Amino acid sequence: MKRRTLLGAALAGAVMTPAFASGTARAADPGPSVTLTGTTTLDTQALFFVSYDGLVNNNAFQKNGLLTYKGYQYAVWYTADRNAVVGRRVLGSSTWSTVKVGHTLRYNDSHNVISMGISKVDGRLHLNMDSHSDGFTYVKSVAGLMDNPAGLSWTASRFGAPQSTLDGLALTSQFTYPQFISTPEGKLQLSYRVAVSGNGRNALAEYDGSTWTNLGEWTSSTGTYTSEHGSSTARNMYLHGIDYDKNGRLHSFFTWREQNGAVMCNSGGITNHDTGYVYSDDRGRTWRNNAGTVVGTTGGSDKVAVTDSGLVVDPLNPDHSLMNQESQFTDSAGLPHAIISYVPGRFGQCTTNYVADRTANGRAFHVRKNSSGAWQKTEIPVPLNSSQRTKLILDKYDNAYAIFPFCRIAGASKASGYTDWTMLYDGVTAGLNAFGEVVIDETRIAQDNFLSIMYQEKSSGTTPSALRNLNFRLPA
């Protein structure tokens with residue numbers, strides 16, 4: 001076993017505003033701003049039910065529920081009659097065209113989201129859906145559909161039949177959390193969890209334009225974690241995301257979820273602890289800690305484990321209701337940023353009710369690696385008022401935006417060292433009636449400098465409600 005160490009000493013406080021070198025003449029970059037340009041309606045009667053405090057059409061960990069490619073925006077959701085649909089619109093249009101892909105949602109489980117991905121090497125759209133520690137459904141389009149959207153009709157005939165494998169590749173009978181990522185070469189990778197909460201492993205598969213290959217698992221569920229309350233010998237790593245930067249480095253922030261509740265101060269909390277970080281420079285084949293040391297090999301015997309050193313960039317014990325699967329983004333220099341949230345110690349050192357305590361006292365924090373290689377952390381002075389997740393994006397000037405539940409948006413400037421967080425838009429006062437978590441189009445920002453948000457209106461019971469799309473122009 002490798003010794004587990006914390007990088008807490010490397011975590012700095014707020015930074016000073018950077019000064020330009022003497023003689024440099026350039027206008028100051030604009031700070032963060034959002035200008036609402038319009039709202040579109042995807043479905044007036046989308047499927048609605050609440051489970052695990054979330055909605056199946058609007059879970060923040062959904063990657064991607066909304067994406068943009070070659071002038072068109074795409075979205076996926078379940079209709080009131082439980083049909084899985086994919087919609088598209090020309091950017092700037094308010095009209096969505098939808099296609100049913102031949103699958104109906106099996107259970108009222110908000111984990112069973114639909115995720116999209118694009119294999120740029122052959123222009124296909126891929127969907128993975130309806131899974132929570134069991135089988136999945138996979139659908140892909142014909143080749144070239146994404147490359148010629150104006151020339152190819154948007155009909156069900158453009159999609160293949162639903163499958164329970166990836167073109168014959170069976171991954172696992174306990175599959176959860178599909179996340180598609182496009183590689184710099186145009187291949188498509190699928191990140192997923194094998195097994196169950198508290199005892200699972202992360203894995204990768206890869207599509208090269210003709211064949212899916214299972215690259216294998218890269219995290220371990222074994223090893224002993226000990227808190228001041230007790231020990232646990234099984235867990236899983238929950239990813240805040242998995243993303244390539246412009247240089248081809250693959251980044252992932254994460255938290256650990258322990259199986260044994262004995263590590264907590266109170267059974268009403270949650271066993272999530274610590275914020276960790278790993279990266280890969282060989283397309284996810286090997287994984288390195290913050291210091292650059294290899295700590296795991298995908299498909300190999302040595303996997304990333306809780307006992308590995310140099311993983312933790314923000315230490316926190318399981319007593320503060322730390323959220324899993326929050327959010328991450330990389331800036332224009334390829335530096336990683338994340339949003340994490342929990343109940344700070346000033347509100348007490350032991351949460352006793354995960355939902356109630358986070359709603360009353362939860363706060364979000366911006367964690368980032370600066371150009372000197374040091375980790376910095378800033379509390380965002382906006383109460384969560386929710387137990388749910390916050391999303392993070394950066395604009396072309398590297399200003400940061402936190403998109404809170406209920407479509408509330410706060411921003412901070414790069415020039416301030418991300419210390420000037422302020423509210424930019426409040427969906428509550430705007431009367432959106434958003435349920436909570438939102439889905440962000442992470443792909444659109446770099447293409448036309450817009451922030452697109454998909455949210456569902458609050459309803460009751462299982463009464464369907466409207467699914468909508470907000471569009472904000474970011475600084476030009």
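It should be emphasised that the depicted structure is a prediction, and the values quoted were computed from it without experimental measurement.
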If you measure from [atom1] on [X] to [atom2] on [Y], what distance do you get to the nearest 0.5 Å?
{"X": "S327", "Y": "I403", "atom1": "OG", "atom2": "CD1", "answer": "7.0 Å"}
{"X": "I339", "Y": "L392", "atom1": "CD1", "atom2": "CG", "answer": "4.5 Å"}
{"X": "S252", "Y": "L239", "atom1": "OG", "atom2": "CG", "answer": "4.0 Å"}
{"X": "R158", "Y": "S153", "atom1": "CZ", "atom2": "OG", "answer": "3.5 Å"}

Please verify the inter-ring angle class for [X] with [Y]; under 30° counts as parallel, over 60° as perpendicular, anything in between as tilted.
{"X": "F61", "Y": "H111", "answer": "tilted"}
{"X": "Y52", "Y": "H132", "answer": "perpendicular"}
{"X": "Y342", "Y": "F365", "answer": "parallel"}
{"X": "H366", "Y": "H337", "answer": "parallel"}
{"X": "W212", "Y": "H126", "answer": "perpendicular"}

Audit row: D441, T68, side chain to side chain donor-acceptor pair (under 3.5 Å) steps and yes/no: CA-CA 7 Å; D441 187 339; T68 296; 2.6 Å; yes
The residue among W287, Y192, F254 that forms ring pair (Phe, Tyr, Trp, His ring centres under 6.0 Å) with W218 is W287
For the student: nearest non-hydrogen atoms of [X] and [Y], plus distance:
{"X": "L169", "Y": "N214", "result": "CD2-N, 3.5 Å"}
{"X": "T176", "Y": "S133", "result": "OG1-N, 2.6 Å"}
{"X": "V194", "Y": "A203", "result": "CG2-CB, 4.1 Å"}
{"X": "N469", "Y": "W96", "result": "OD1-CZ2, 3.9 Å"}
{"X": "S452", "Y": "N471", "result": "OG-OD1, 2.5 Å"}
{"X": "G284", "Y": "Y244", "result": "N-OH, 4.4 Å"}

Quick check: does any side chain N or O of [X] sit under 3.5 Å from a backbone N or O of [Y], one acting as donor and the other as acceptor?
{"X": "T137", "Y": "P162", "result": "no"}
{"X": "R408", "Y": "V428", "result": "no"}
{"X": "Q189", "Y": "S182", "result": "no"}
{"X": "R235", "Y": "T222", "result": "yes"}
{"X": "D308", "Y": "A305", "result": "yes"}
{"X": "S459", "Y": "T463", "result": "yes"}
{"X": "Q328", "Y": "H251", "result": "yes"}
{"X": "R358", "Y": "G362", "result": "no"}
{"X": "S231", "Y": "T226", "result": "no"}
{"X": "D314", "Y": "T275", "result": "no"}

So, do [X] and [Y] sit near enough that their side-chain heavy atoms are less than 4.5 Å apart?
{"X": "L36", "Y": "L470", "value": "yes"}
{"X": "W77", "Y": "L42", "value": "yes"}
{"X": "Q447", "Y": "K70", "value": "no"}
{"X": "F435", "Y": "E437", "value": "no"}
{"X": "Y69", "Y": "D147", "value": "yes"}
{"X": "L451", "Y": "I393", "value": "yes"}
{"X": "Y138", "Y": "L127", "value": "no"}
{"X": "T37", "Y": "F472", "value": "no"}

Hydrogens and angles aside, do [X] and [Y] bring a side-chain donor and acceptor to less than 3.5 Å of each other?
{"X": "D167", "Y": "T165", "answer": "no"}
{"X": "S115", "Y": "Q179", "answer": "no"}
{"X": "N202", "Y": "E217", "answer": "no"}
{"X": "R89", "Y": "S97", "answer": "no"}
{"X": "S221", "Y": "N199", "answer": "yes"}
{"X": "N324", "Y": "R257", "answer": "yes"}
{"X": "D357", "Y": "H320", "answer": "no"}
{"X": "Y78", "Y": "N83", "answer": "no"}
{"X": "Q174", "Y": "T172", "answer": "no"}

With a 4.0 Å cut-off on N to O distance, would you call [X] and [Y] a salt bridge?
{"X": "R106", "Y": "D134", "answer": "yes"}
{"X": "E326", "Y": "K391", "answer": "no"}
{"X": "R285", "Y": "E206", "answer": "yes"}

List the steps and the verdict of side chain to side chain donor-acceptor pair (under 3.5 Å) for T271 and E258. CA-CA 5 Å; T271 59; E258 297 299 323; over 6 Å; no
When you measure from the centre of the six-membered ring of Y177, is the NZ or CZ of R193 closer than 6.0 Å and no more than 45° off the axis? no
Passes side chain to side chain donor-acceptor pair (under 3.5 Å), D122 versus Y207? Steps please. CA-CA 10 Å; D122 62 355; Y207 175 75; 2.6 Å; yes
Check step by step if side chain to side chain contact (heavy atoms under 4.5 Å, CB included) holds for I242 and L204. CA-CA 11 Å; I242 183 165; L204 285 172; 4.2 Å; yes
Neighbour count >12 (heavy atoms, 6.0 Å) for atom NZ, K120: no
Can we call the ring centroids of F136 and F175 under 6.0 Å apart? yes
For residues Y74 and W154, establish whether the separation of their ring centroids is below 6.0 Å. yes
List the steps, then state whether side chain to side chain contact (heavy atoms under 4.5 Å, CB included) holds for I440 with L66. CA-CA 7 Å; I440 303 300; L66 191 65; over 6 Å; no
Show, in sequence, the C-alpha distance, side-chain angles and deciding distance for I409 and I453, and conclude whether the side chain to side chain contact (heavy atoms under 4.5 Å, CB included) test is met. CA-CA 11 Å; I409 306 172; I453 301 172; 3.9 Å; yes
Residue pair L311, W256: steps toward the side chain to side chain contact (heavy atoms under 4.5 Å, CB included) verdict: CA-CA 11 Å; L311 299 181; W256 294 108; 4.2 Å; yes
Test side chain to side chain donor-acceptor pair (under 3.5 Å) applied to T41 and R468, step by step: CA-CA 4 Å; T41 299; R468 306 196 193 278; 2.6 Å; yes
